There are 2 protein chains.
Amino acid sequence: MKTACPRPNAYAATCPTRLVLDRVADKWAVLILGSLSEEPVRFDELRRLIEGVSQKMLSQTLKSLERDGLVSREAIPTVPVTVEYSITPLGRTLSATVDGLLIWAETHIDQVLKAQKQYDAGLQRKAA
Amino acid sequence: MKTACPRPNAYAATCPTRLVLDRVADKWAVLILGSLSEEPVRFDELRRLIEGVSQKMLSQTLKSLERDGLVSREAIPTVPVTVEYSITPLGRTLSATVDGLLIWAETHIDQVLKAQKQYDAGLQRKAA
DNA sequence: CAGAATCCAGCTCGATACTG
DNA sequence: CAGTATCGAGCTGGATTCTG
């Protein structure tokens, strides 16, 4: 707890750490960042790439990401308009950090699943 | 994309990576894990420590964390009962990973805030 | 193609009250 | 102290429809 914005109680509405956490907590945001890691992608392409997004959530999330400076938007004046989204350098550093989490998930999911089974089994016995 | 559970499209309901992400996305879960990092803490103590939790969310989140094997619960048979929650080794590895995110937040929040200002300023001009 | 706007079903979460 | 149970307001997000 030696940082300017103290953890773990950095969640007061006034504290901006919360803002970042909320962003990462957003399923679609993480997915979008990942999809843009290799190259710029168009709106509709993203829609197909990210299975299950509604166009509302896609548009909404892209707008937030752009506002946060994590993604940049470029409208190319073709007919009809083409819009390319790409990840910014800032977004890339965040993405790298999030990757740490994904790796944790992949390497520890077995333990989590096992713990769940044991827990549920314990409840079974009590119920009986 | 060389992992067993492919990213970024690891979000299908069947894919357990999602489960972990959802856990991390949970504000209270992160806060609880942080609060337990030093030593075991009792329920009511947690309630005071974590400003703004309802006892419902605290109880609910603790239960999930316990089920996932991230937190362990020990009931001490005093009168009235005392219950101590502590972080497990598994929970500690997750917490360490999440810390990376918190550090990112602290070191980059300035850039994010600045980007937001610029974005909002841009909208202003259009509206005018 | 790239969105904006509207409508509403469902789930989350806080508040409140009660229990062992 | 350590919870559980219930209820309702509010927000989230999907489906649908429409525009430049």
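Quick note on labels: first sequence line is chain A, next is B, and so on, each numbered from 1. Owing to the predicted nature of the structure, the values given are computational and were not obtained by experimental measurement.
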With a 4.0 Å cutoff (strictly under), does any side-chain N or O of [X] reach OP1 or OP2 of [N]?
{"X": "A:K27", "N": "D:dG13", "answer": "no"}
{"X": "B:K56", "N": "C:dT12", "answer": "no"}
{"X": "A:S59", "N": "C:dA4", "answer": "yes"}
{"X": "B:Y85", "N": "D:dG3", "answer": "yes"}

Between [N] ([atom2]) and [X] ([atom1]): distance, integer Å:
{"X": "B:L31", "N": "C:dC13", "atom1": "CG", "atom2": "P", "value": "14 Å"}
{"X": "B:F43", "N": "D:dC1", "atom1": "CZ", "atom2": "C1'", "value": "10 Å"}
{"X": "B:D22", "N": "D:dG13", "atom1": "CG", "atom2": "P", "value": "11 Å"}
{"X": "A:R47", "N": "C:dA2", "atom1": "CZ", "atom2": "P", "value": "11 Å"}
{"X": "A:E45", "N": "C:dC1", "atom1": "CD", "atom2": "P", "value": "10 Å"}
{"X": "B:E84", "N": "D:dA2", "atom1": "CD", "atom2": "P", "value": "9 Å"}
{"X": "A:D26", "N": "D:dT12", "atom1": "CG", "atom2": "P", "value": "11 Å"}
{"X": "B:Q60", "N": "D:dG3", "atom1": "CD", "atom2": "P", "value": "13 Å"}

Is the backbone N or O of [Y] less than 3.5 Å from a side-chain atom of [X], with the two atoms forming a donor-acceptor pair by type?
{"X": "B:S64", "Y": "B:Q60", "answer": "yes"}
{"X": "A:D68", "Y": "A:L70", "answer": "no"}
{"X": "B:T82", "Y": "B:T78", "answer": "no"}
{"X": "B:T107", "Y": "B:W104", "answer": "yes"}

Decide whether B:S72 and B:S86 meet the rule of one side-chain donor and one side-chain acceptor closer than 3.5 Å. yes

If we only count heavy atoms from C-beta on, is the A:H108 to B:L94 side-chain gap below 4.5 Å? no

Contact list for DNA chain D against residues 64-82 of chain B - heavy-atom distance below 4.0 Å: B:R73, B:P80, B:V81, B:T82

Taking only residues two or more places apart in sequence or in another chain, which ones pass salt bridge (Lys or Arg N to Asp or Glu O under 4.0 Å) with A:E45? A:R42

Could you tell me whether the side chain of A:Q55 has a donor or acceptor atom within less than 3.5 Å of a complementary atom in the base of D:dA15? no

Taking the nucleotide of DNA chain C with the nearest heavy atom to each, does A:V83 or B:S54 sit closer to the 5' end? A:V83

Kindly point out which of C:dA4, C:dG14, D:dT4 is positioned nearest to the side chain of B:M57? C:dG14

With the side chain of B:D44 defined as its heavy atoms from C-beta on, choose the nearest nucleotide among C:dG3, C:dA4, D:dA2. D:dA2

